[in-house]
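In each ligand, atom 1 is the first atom listed, and ligand 1 is the first ligand listed. Please read these numbers as outputs of a predicted model, since none were measured by experiment.
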Amino acid sequence: MNKSKNILLIITGGIAAYKSLDLIRRLKEQDYNINCILTESGKNFVTPLSIESLSGNKVYSELFNLTDEKEMGHIQLSRISDLILVAPATANIMSKMAYGICDDLASTVLMATNKPVMLAPSMNVRMWINKSTQRNINTLKTDGIKFIGPENGEMACGEYGEGRLSDVSEIINHVKDFFENLHFKPLKDFTALVTSGPTREYIDPVRYISNESSGKQGIAIANRLQNLGAKTTLITGPTNQDDAQVSKIYKVTSAHEMFNACKEMLPVDIAICAAAVADYSVKNQSLDKIKKTSFEKDLKLSENPDILKFISQKRNTRPRLVVGFAAETNDLEKNALKKLSEKGCDWILANDIGKDNIIGGDQNRIRFISQNENEQWPMTSKDQVANILSSKIINYFTN
Ligand code: CTP
């Protein structure tokens, strides 16, 4: 079925390039046709012979190669491709793409193409968080380039942090999703609202009450709903994540601001409350920094509005589907069921936040609970959780 799908895989020069061999093998197993460009620096990590043997196609490297240009020039390589995948993508190729530099075959094809491009970056954590890399990422995202990862983890250089190439199976999932979703827009007539991230409740100008929510799960869900055609609004508390690619984003700070933004966006068809909303705000927030001598006796809290409950119990304009989360450290099912009935939402995605670095991490383990369903989803990436949830949403509306 995929025989007609051509992927141009660009392999650039990082240690993770060795994983591209497995990637080629497994994409071939899925019946994609793979053409490869191997950059000069990529040749330090994998050989053209290995790539040719696995892909079954000639590998291209040079921009000014008369034989190659005659057989398949840089324009032709782009023209025959349905998708261009750069894996691993180094900081160098990303900066060339951001600035429109084309000084070798890989960067020239990327400049000359009008096809969708996906990048799976891989680099040392310091290079990833470097300001110029972060600027380039923003530019590329604005240009419509899709990113797969990178992940947090141990690196070949011995450091630990963000910058590790996503798992080969994760890259393949993204490729498969891309082709499946190209024309699959089952939610195109729907509007969706997703809350995400933490909220901050300021005590004084420099101190606040908050939590460790990263916003990753909410962003993954919002992106997925938008991809499936839903006109999606993301209302997010402060995070250091890249912006979601959705119709509208509201950046808020406090629970009250999140609540007001939600009210403004209603009515919607689907509401997903993934935010870790602070339960209390500070009644007597001080405009001046509170001195430590008066701190304890000064702090008075008032309960924040429960956004999920408000949306779930809205009378005339209740969304057709309301989904909440339950972050628990104990009695997961019991507490989740209690939240389901007390708040009045349709589904609860419960997660045990006491384990597995779920808060802030890249993975999540969900127990899905509704009035008549109770199922355990496997520990998987937050993107994959968004996929599973979206499939359930599509089923809910179509069956
Ligand atoms: N929620 C909300 N507004 C609040 C508090 C929570 O919309 N003020 C939503 C969250 O987005 C989540 C669900 O309610 O979808 C459950 O949040 P959680 O923090 O697990 O529970 P709480 O309702 O805050 O209760 P508790 O802290 O006692 O577990």
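- Protein residues having a heavy atom under 4.0 Å from any atom of ligand 1 are C273, A275, V277, D279, P305, D306, I307, L308, G324, F325, A326, A327, K339, K343, listed by chain and number.
- N351 and N364 form a side-chain donor-acceptor contact under 3.5 Å, judged by distance and modelled atom types alone.
- Under the 3.5 Å distance criterion, with hydrogens and angles disregarded, a donor-acceptor pair is assigned to the side chains of R367 and N374.
- A side-chain N or O of N130 and one of S132 form a donor-acceptor pair less than 3.5 Å apart.
- When the shell of 6.0 Å around CD of E29 is examined, it contains more than 12 heavy atoms from other residues, nucleotides or ligands.
- Judged purely by distance below 3.5 Å, without hydrogens or angles, the side chains of Q226 and S247 pair a donor atom with an acceptor atom.
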Quick one: side chains of residues 151-160, donor-acceptor pairs under 3.5 Å with protein atoms, not counting sequence neighbours, listed by atom name and distance.
from : atom 1 : to   : atom 2 : distance (Å)
N152 : OD1    : E162 : N      : 3.1
E159 : OE2    : N124 : ND2    : 3.1

